[in-house]
Structures are given as structure tokens and as C-alpha cells.
Amino acid sequence: MSCTVEIENLYIKLSDKVILEDINLKAEHGDFITILGPNGSGKTTILKTLMGFYKPYKGIIKICGEICTEKNILNCRNKLAYLPQNFEVDKFFPILTKDIIEFSLKEKYYKNEKALKIINEFNIQNLLDKPFGLLSGGEKQKTILAMILLREPVILLLDEPNLNLDFLAYKNFLKIVEKIYNQKKLTIFLITHLLSHISDLSKKVIVLKSGKIVFSGDKKEIFNKKDYLEFIYD
Ligand SMILES: Nc1ncnc2c1ncn2[C@@H]1O[C@H](COP(=O)(O)OP(=O)(O)OP(=O)(O)O)[C@@H](O)[C@H]1O
Ligand SMILES: [Mg+2]
């Protein structure tokens, strides 16, 4: 399915404070966009707004050409897979890792071909019988990513996936994402602070500051700037 993501003139207010201001953005199908910006600049809010968790007080969001409203929010959300920045699960919550995988399967059996393939790719076989709440942060993240990918989304929203992963685990994580990107031509939005860990496949970069987009363009352009770190984080 070919699908664009369009954000037009978007404003978000939370607790009476303007968090996003006049955001305009178009992702063509197959774009891999990295979102940069200091803490509190609004990166996560953009992804949560795409998911329909926050209602714009001005502006529109279009996913696959369809304007997202409260009425059709599930339709829009079904096209998206969101890996949140943080998720807490009580250690004793009675759910196993394989139950999490089965959430996304129509047949509700984690040993089906599609599920086993992704379980092997993510190397999470040894986690399946463990209580999900007892997994480490990185293990939880890999499980959730496997779960959401099983839903075959057309758009992937990744909020700082490096947060719980060690250097090698993040490299492997990016490898899996890149493989899926190459195979399925998804549209990807990835938030990161680790500039050295931006995927080579990501050509477009957006920089947010205080809720506004201050740069949108080619990755090369921003890294050619003399003081690019100051530009992003000042
Ligand atoms: N539910 C909320 N109510 C009020 N303010 C909020 C809410 N959620 C976020 N904010 C504020 O909105 C701003 C942007 O938050 P957001 O989480 O989008 O930042 P971020 O760029 O993802 O930061 P980080 O790099 O720390 O993850 C922050 O000032 C934050 O305090
Ligand atoms: Mg964030």
C-alpha cells in the first residue's frame, strides 16, 4: 500500500501550554525521517499526535490521504506502529512474552510461521516463557517491536529506540529495522539523540526546537553545517 503522512499547520496545546506550533511536514511513502531536537522540544508529542493521543487545536493530519479525525482515528492508527519511548509494566502483571506476541496474531498462536520468523530475527526465543514484566528494558523493547511489526504496519514510529539498548543491541536493532525497511518499503520516523547512530538509509532530517521545526531537509545539509551540534542543541 502506498501511503503518505501529511501534517499541515498543526498546533498542539497541553495543559494550556502550546507544545507544537505550526508544524508542516510531508513524508512520501518509503521516506525514512530522523527527528532530532533537545529534550522537551516536542519530538515525542509529534509521534503521539500522529497516533491520535492528542487532538490538534489547529491544523490537520492526513494518513494515506485520509484526514484523521476523532471518528476515524482507529482507521488512521491501524496504519501506524508505535514504539514508545517509555513503557512500564508491573513486574507481577500476569502476562508472558509470548502472550504479547500473540496480541498481534489473528490465530493467537505464537508458533505460526510469521511469528517464528520474527522471533528468530529478534533472537527472543529464550524470553517467550518469561513474565513480560521481568524482562530488561531492551528485551521489552525488542518484544514490543516484534509485536507491532507482526501487524504489518505501513508506517513505523520509533521513539528513541536506543534508550534501553546497549551499543551492539542498538546496532542489531537498526539492522532489523533496515532489513524490514528494504523489504517492505515502510515509511519510518525515528527519534534519536545519537547523531552517530542515524541509519544510512535515513536521508531526511527534521530538527525541532521549542515546538517548532527549525530545519527540514537532507541529512548531508545539516552535517555540513560548521556548528551543527550547536545548531541542534543550542
Ligand atoms: N501531557 C502533557 N501535559 C503537559 N505538558 C506536556 C505533556 N506531555 C509533554 N508535555 C510537555 O511538552 C514538551 C514536549 O515534550 P516531548 O515529550 O514531546 O519532548 P521530547 O522532544 O520528546 O523530549 P525528550 O528528548 O526529553 O524525550 C515538554 O515541555 C513537556 O514537558
Ligand atoms: Mg521524547
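Source: prediction; values computed, not measured. Counting convention: from 1, in listed order, for ligands and their atoms alike.
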Closest approach of any protein heavy atom to atom 30 (C) of ligand 1, naming residue and atom: I19 CD1, 5.0 Å
Q85 atom OE1 and T44 atom OG1 as seen from the Mg ion (ligand 2), angle to 10 degrees: 80°
Any side-chain heavy-atom pair of I124 and E139 under 4.5 Å: no
Proximal atoms of ligand 1 relative to P38 (non-hydrogen, under 4.0 Å): 21 (O)
Non-hydrogen side-chain atoms of L47 and Y82 separated by less than 4.5 Å: yes
Under 4.0 Å to a heavy atom of T45 - the qualifying atoms of ligand 1, by number: 14 (C), 15 (O), 16 (P), 18 (O)
Heavy-atom side-chain proximity of I101 to T143 below 4.5 angstrom: yes
Side-chain touch Q85/K48, heavy atoms, less than 4.5 angstrom: no
Row check, Y11 ring normal vs K58 NZ/CZ: under 6.0 Å, within 45°: yes
Nearest-neighbour protein heavy atom for atom 31 (O) of ligand 1, which is reported as residue plus atom name and distance: K17 NZ, 4.9 Å
Residue pair D218, K203: steps toward the salt bridge (charged side-chain N to carboxylate O under 4.0 Å, His left out) verdict: CA-CA 6 Å; D218 202 292; K203 308 277 183 264; over 6 Å; no
Sub-4.5 Å side-chain heavy-atom contact between I213 and L208: yes
Any side-chain heavy-atom pair of I95 and F103 under 4.5 Å: yes
Ligand-side contact atoms (ligand 1) for residue partner E160, heavy atom cut-off under 4.0 Å: 25 (O), 27 (O)
Atom 26 (O) of ligand 1: nearest protein contact (heavy atom, Å): N39 ND2, 3.0 Å
Proximal ligand 1 atoms for Q85, defined as those under 4.0 Å from one of its heavy atoms: 27 (O)
Cationic tip of K130 above F132 ring, under 6.0 Å, 45° of axis: no
Nearest non-hydrogen protein atom, atom 23 (O) of ligand 1: G40 N, 2.8 Å
Close approach, K48 and ligand 1, non-hydrogen under 4.0 angstrom: no
Whether G211 lies under 4.0 Å from ligand 1, heavy atom: no
G37 touching ligand 1 at heavy-atom level, < 4.0 angstrom: no
Atom indices of ligand 1 within 4.0 angstrom of H193 heavy atoms, with elements: 25 (O)
Closest protein heavy atom to atom 4 (C) of ligand 1, given as residue, atom name and distance to 0.1 Å: S15 OG, 3.3 Å
Qualifying residue, where the test is ring-ring contact (aromatic ring centres under 6.0 Å, His included) with F223 and the options are Y228, F231, F215: Y228
Contact (N/O only, under 3.5 Å) between L14 and ligand 1: no
Student check: side-chain heavy atoms of I46 and L10 closer than 4.5 Å: no
ILVMFWY network linking L195 to I35, side-chain heavy atoms under 4.5 angstrom: no
For atom 25 (O) of ligand 1, the protein heavy atom that lies nearest, with its residue and separation: K43 NZ, 2.7 Å
Nearest neighbour in protein (non-hydrogen) for atom 17 (O) of ligand 1: T44 CB, 3.6 Å
Element-labelled atoms of ligand 1 that are located less than 4.0 Å from some non-hydrogen atom of Y54: 1 (N), 8 (N)
Exercise check, heavy-atom protein proximity under 4.0 Å to atom 15 (O) of ligand 1: yes
Nitrogen or oxygen of G42 less than 3.5 angstrom from that of ligand 1: yes
